[in-house]
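Throughout, protein chains are lettered first and strands after them, A, B, ... in sequence-line order, and every chain is numbered starting at 1. The structure displayed is predicted, hence computed values, not measured ones.
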Amino acid sequence: MAARPPRTPAADSVTPGERHWTGDAIREAFLSFYAARDHVRLPSASLVPEDPTVLLTIAGMLPFKPVFLGQAPRPAARATTSQKCIRTNDIENVGRTARHHTYFEMLGNFSFGDYFKAEAIRWAWELSTEVFGLDPRQLVVSVFRDDDEAANIWREEIGVNPKRIIRMDEADNFWVSGPTGPCGPCSEIYFDFQPERGDEGLNLEDDSRFIEFYNLVFMEFNRDAEGNLTPLAHRNIDTGMGLERMAQILQRVPSNYETDLIFPLIETAAALAGITYDSADARRRTSLKVIGDHGRAVTQLIADGVSASNLGRGYILRRLLRRVVRHGRLIGIEGSFLPRLGDAAITLMRPAYPQLEERRPAILAELEREEERFLATLERGERLLAEVLASQPRQITGAQAFELYDTYGFPLELTEEIAEEHGLSVDVAGFEAAMEEQRQRAKAAAVSIDLTLQGALAVVAAELEGTVFTGYDALEQPACVVALVTDGASREQAEAGDSVGIVLDSTPFYGEGGGQVGDRGVLSGGSAETPGDGLIVSIEGVNRNRSVFVHNGRVERGVLRLGDVVTARVDRSCRRRAQAHHTATHLLQAALKLVVDPAIHQAGSLVDFDRLRFDFHCPRAVTVEELRRVEELINGWISDAHALEVREMALERAKAAGAVAMFGEKYTEVVRVVDVPGVSMELCGGTHVANTAEIGLFKIVAESGVAAGIRRVEAVAGAAVLPYLNEREGVVKALAERFKAQPAEIVERVSSLQEELKASQKALAAAREELALSRARALAATAEAVTAAPDEEPFRVLVARLEGVEGGALQTAAQELAERLGERAAVVLGGLSDPGDPGKVHLVAAFGPAVIGRGLKAGAFIGAVARMCGGGGGGRPNVAQAGGRNGAALNDALEQAREDLRRGLNS
RNA sequence: GGGGAAUUAGCUCAGCUGGUAGAGCGCUGCGAUCGCACCGCAGAGGUCAGGGGUUCGAGUCCCCUAUUCUCCA
């Protein structure tokens, strides 16, 4: 990018020939600095965290949180990472300040019970001053108020000027992971853009002068529920250096946005809008910055397998995408541009994140799809707003603006903009009030669930060693009972009839995971050599709690005690069926990639005993023809009898070999690779057949959509195919019998029956109406003349029964009669719609204009008649319908109606 | 997790406070034209998402379910 003048007079400290630091170079320098100090260099974890209670990776240490909390083994004594992070809590500030981002990278070095304050401080200083070449006179450090130890190290060992060591309170320099748990003081390093202002009264909050770029957390205490601090047995170091901030400092630009980590995206967006960043006004600059920031965020989110949706992280992605589109419009970009922005983002970040390149087609497709969707939303909103404006209101109310926003996703700013074009204002205060109300509602509903609740099993599991799993090779083996849980509490023994959770030291039972269900089987007393007391425990399923396998079972006979040695035996037939489905799932993924789209990847999977379910990212439905080809391909592979090769290898090697990994899944360094040579290679911990021939047959049962952009294929394989076919055959047989047809003829028979039915229904309706009309015409002659005065033209009153006519036809008849009889006609028809059922009375009245002029209204009139038949009704003054339940009263009611008409018309 | 909205002809949508389901585009046929586009006339096409309820009567009101959209967390 072009060199930009620094905002501050720091330029005088630049020495000629000084190294130019690109963002990539800064990252590399950090990681290799710590790698040279025995840190294991780990790749950035996914933005989608393993912890299901956390929406996104919001900090560099998040992937290590379970390690710090003692819930997971440490990956190494020391580690260093560059972690991608997403934060959206103060999204409104993005682009308005120099440093707020939704997407950023956190460089970090970590010590898990290894080195502590002295090394952390020394290395941080060395890295900052010697590697990055920052002038010590331009650095300021902060320490926690009570942390004399850290202050001493800075002063004595490093030699920092005491005036440039600032003590801070808990709010700024004491780190906690939650109300309880590990915590400790921090120490931060700040860069001073204006060292010439001296050392007196330094205010680190002044971010026009200072920027914090390195935070060192010294985790040394555990805080209990009462707030007491006790020293930790293993003290940890957790640090974070904001990559964008360091780039801002080293590249001497006024904000993070002008570093080479983001600026190329801003330039891309500006070019698309036909403007330049330098000449843009403040509002457009802000929009450009938002696009630059969000462009990185959305690209990385999609690459990590997030797809836009209306909940959870999918919703965060959607919101970011829509903000990009909106700001694009604000700076004058017309038409679709997200794919081009995404393309630039991939190219920009590709050097550090090669997987972006692999996912390029999927990322661009998602961007395009989502942009299109948002444009449709905007169009709909504009239409609705136009309707509101058409009523020429004095202003747009808060409720109206909120409805547009809340229900139809139409942004407030756009409502304001369009209203302004019509010379109207929007009640923003009312809008905010409605929004606040909605927030309160959501909050009130949220407290009802308690995320901190942990079951007894989780507590037990946390204290145990991991279970050794032997089930890849063995289906039966002796094992020792190391824990028992019934009714949520740890027990010494369980008796016949008890439902119990059992942990064994080792087990052949597969624990539910990776989509595959847990094994079923039996634990029996004793071993082959020493038969027990007839103990039998049936196992219905096995869950995994971290690496501890919990067998859920029921004691059928005997007594199960802690410490017992039992024989654990997996149900072979169930296991075989699960294995067939699991291998078939791998074949399915491979086949879908070949037939439908190479970009297809898994979004979820279920491997059960009687079926398999595979969810995958795919923007459209898979066609029937494609499904047929997928089936053929898979059955071909099955009959080719491929022998599976399962081996363990280093993650990097597996990836290099082309093994399919799940996005967002975190893998250990050594992974298990399931290889169907030439067909499919996946990282997988599940159990599989030894040879594809064992699967026997594969049959797709259903294809459907689960969510926008996600499709689901359900299938059966192996032994599970037979029951499926039998069930289907049963249906066909029953149909064949009922239709007295050969199975192959059923479809034709049904459709011809349908046509016949439709035709005869139509004919019947037409005939009925025709009949009703002709009977009605015959009735016309029976109309009675009612005269009010001798010299006046008489009214024509017709009251009659007309049976077997549906409401609609009856009304047609009455209207036609009324028309024939002229504008002085009053027609009332009534009858049973079904002559055999006195419970369904239909009544119709049709009055000519002159009758209405006499104050008689068909609606009210027919209502009164219907009430005599136990019903009610109404309609318009000229024509009305009614009904009742009491057919026996119909004649009297009609007679009454005739009387009423006479009286009403001759007065 | 909690709100709001939508679902009507192949497509885009009307359908006001319950009273025989409509429009535009598309489709088919006929007319007009040397032929096409345009145009004129006629026609086909709907268990109003599914289920339950209220009512004499429900596309319309109420409840449940499904799908989609959307906001909040």
Side-chain angles (χ1 to χ4, degrees), chain A residues 52-53 55 88-89 308-316 318-319 322 370 373-374 376-381 383-384 387 399-412 431-432 434-451 621 704-710 754 757-759 761-762 765 768-769 772-773 805-816 830-833 837-846 858-860 862-887 889-890 893:
Chain A
T53 64
L55 220 49
T88 56
N89 39 355
S309 74
N310 52 349
L311 31 97
R313 49 186 79 98
Y315 181 57
I316 290 177
R318 173 167 286 170
R319 224 163 46 180
R322 296 192 165 185
E370 193 58 20
R373 223 177 266 170
F374 186 47
T377 298
L378 288 182
E379 229 167 82
R380 183 177 55 177
R383 217 169 46 229
L384 289 166
E387 270 173 40
Q400 285 169 331
F402 186 71
E403 191 196 351
L404 280 168
Y405 177 72
D406 179 57
T407 304
Y408 301 102
F410 196 68
L412 176 65
F431 176 89
E432 295 295 345
M435 179 71 100
E436 188 51 37
E437 207 173 300
Q438 143 117 306
R439 266 194 206 108
Q440 291 310 324
R441 243 197 335 259
K443 209 174 265 179
V447 288
S448 58
I449 32 167
D450 186 1
L451 285 172
S704 58
V706 216
I710 299 181
Q754 274 176 324
L757 182 65
K758 211 183 232 176
Q761 274 175 342
K762 231 175 188 176
R768 274 192 174 150
E769 190 155 334
L773 279 173
V805 181
E806 288 293 332
L810 197 66
Q811 184 169 329
T812 312
Q815 276 177 295
E816 196 186 298
L832 303 176
S833 56
D837 176 9
K840 285 224 160 162
V841 180
H842 273 280
L843 290 158
V844 173
I862 203 70
V865 180
R867 272 188 287 281
M868 296 181 63
C869 304
R876 291 182 290 271
N878 63 327
V879 58
Q881 267 192 45
R885 294 185 204 274
N886 183 8
L890 182 56

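Separation of atoms CG (A/Leu412) and CZ (A/Phe402) is listed at 10.5 Å; rounding is to 0.5 Å. One finds the OG1 atom of A/Thr377 at 10.0 Å from the CZ atom of A/Phe410 (value rounded to the nearest 0.5 Å). The OG1 atom of A/Thr88 lies 5.5 Å from the CZ atom of A/Arg319; values are rounded to the nearest 0.5 Å.
Applying the side chain to side chain contact (heavy atoms under 4.5 Å, CB included) rule to A/Ala882 yields the partners A/Leu843, A/Ile862, A/Ala866; only residues at least two apart in sequence or on another chain are considered. With sequence neighbours left out, A/Tyr405 forms a ring pair (Phe, Tyr, Trp, His ring centres under 6.0 Å) with A/Phe431. Under the rule for a side chain to side chain contact (heavy atoms under 4.5 Å, CB included), the partners of A/Arg383 that lie at least two apart in sequence or sit in another chain are A/Arg380. Partners of A/Arg439 according to the side chain to side chain donor-acceptor pair (under 3.5 Å) rule, which considers only residues two or more places apart in sequence or in another chain, are A/Glu436. In this structure A/Arg876 satisfies the side chain to side chain contact (heavy atoms under 4.5 Å, CB included) test together with A/Asn878, A/Val879, sequence neighbours excluded. Listed by chain and number, the residues in a salt bridge (Lys or Arg N to Asp or Glu O under 4.0 Å) with A/Arg322 are A/Glu370 (sequence neighbours excluded). Applying the side chain to side chain contact (heavy atoms under 4.5 Å, CB included) test to A/Leu832 and every residue at least two apart in sequence or in another chain returns A/Arg801, A/Glu803, A/Val841. Annotation: salt bridge (Lys or Arg N to Asp or Glu O under 4.0 Å) contacts of A/Glu816 (sequence neighbours excluded): A/Arg777, A/Arg820.
Rounded to the nearest Å, the gap between the C1' atom of B/G15 and that of B/G3 is 28 Å. Nucleotides B/G2 and B/G19, compared at atom C1', are 39 Å apart to the nearest Å. Taking atom P on both nucleotides, B/C30 is separated from B/U8 by 33 Å, rounded to a whole Å. Nucleotides B/G24 and B/U60 place their P atoms 25 Å apart, quoted to the nearest Å. Look at the C1' atom in both B/A44 and B/G18: the space between them is 30 Å, to the nearest Å. Taking atom P on both nucleotides, B/U68 is separated from B/A23 by 32 Å, rounded to a whole Å. To the nearest whole angstrom, the two C1' atoms, one in B/C62 and one in B/U54, are 7 Å apart. Distance check on atom C1': B/A14 versus B/C71 gives 27 Å, rounded to whole Å.
Counting atom types as modelled, A/Gln438 pairs no side-chain N or O with a base atom of B/G4 as donor and acceptor under 3.5 Å.
Here the P atom of nucleotide B/C71 and the CZ atom of A/Phe431 are 11 Å apart, to the nearest Å. In this structure, A/Ile316 places its CD1 atom 16 Å from P of B/U70, rounding to the nearest Å. To the nearest angstrom, P of B/A73 lies 15 Å from CD of A/Glu437. Counting to the nearest Å, the P atom of B/C69 and the OH atom of A/Tyr405 are 17 Å from each other. Rounded to an integer number of Å, the gap from CZ of A/Arg373 to C1' of B/U68 is 10 Å. Protein atom CG of A/Leu384 is 13 Å distant from nucleotide atom C1' of B/G4, rounded to whole Å. Between the CG atom of A/Asn878 and the P atom of B/U20 there is a distance of 11 Å, rounded to whole Å. In this structure, A/Met435 places its CE atom 18 Å from P of B/G3, rounding to the nearest Å.
The side chain of A/Arg380 has B/C69 as its nearest neighbour among B/G2, B/A73, B/C69. Closest contact between the side chain of A/Tyr408 and the listed nucleotides B/U70, B/C69, B/A5 involves B/A5. Side-chain proximity of A/Thr812 to the nucleotides B/A73, B/G3, B/U20 is greatest for B/U20. Nearest to the side-chain atoms of A/Thr407 among the listed nucleotides B/C56, B/U20, B/G4 stands B/G4. Among the nucleotides B/U70, B/G3, B/C72, the one closest to the side chain of A/Asp406 is B/G3.
Minimum heavy-atom separation, A/Gln438 to A/Asp406: NE2-OD1, 3.0 Å. Nearest heavy atoms, A/Ala308 versus A/Arg318: O-NH2, 3.9 Å. When every heavy atom of A/Pro411 is checked against every heavy atom of A/Phe374, the shortest pair comes out as CG-CZ, 4.4 Å. Considering every non-hydrogen atom in both A/Ala846 and A/Ala814, the closest pair reads CB-O, 3.7 Å.
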note = Base-pair string, RNA chain B, Watson-Crick plus G-U, cut-off 3.5 Å on both distances, | for inter-strand, is (((((((..((((.....[..)))).(((((.......))))).....(((((..]....)))))))))))).

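Taking only side-chain nitrogens and oxygens, A/Arg439 never comes nearer than 4.0 Å to OP1 or OP2 of B/C71. At the phosphate of B/U70, OP1 or OP2 sits under 4.0 Å from a side-chain N or O atom of A/Arg318. Between A/Tyr315 and B/U70 there is no side-chain polar atom (N or O) within less than 4.0 angstrom of OP1 or OP2. Distances shorter than 4.0 Å separate none of the side-chain N or O atoms of A/Arg867 from OP1 or OP2 on B/C56. Using a 4.0 Å cut-off, some side-chain N or O of A/Arg322 falls inside it from OP1 or OP2 of B/U70.
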Would you tabulate the nitrogen or oxygen pairs shorter than 3.5 Å linking the protein to nucleotides 22-24 of chain B?
none

Which atoms of nucleotides 10-13 of chain B (N or O only) lie under 3.5 Å from a protein N or O atom, and what are those distances?
residue	atom	partner	partner atom	Å
B/C13	OP1	A/Arg383	NH2	3.4

Could I get a table of every N or O pair under 3.5 Å where one atom is in the protein and the other is in nucleotides 17-19 of chain B?
residue	atom	partner	partner atom	Å
B/G19	N7	A/Gly874	O	3.1
B/G19	O6	A/Gly874	N	2.5
B/G19	N1	A/Gln881	O	3.2

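Of the two residues contacting RNA chain B, namely A/Val841 and A/Arg319, the nearest-nucleotide position lying further toward the 5' end is that of A/Val841.
Contacts of A/Gln815 with the nucleic acid, taken as non-hydrogen atoms under 4.0 Å apart, include base atoms.
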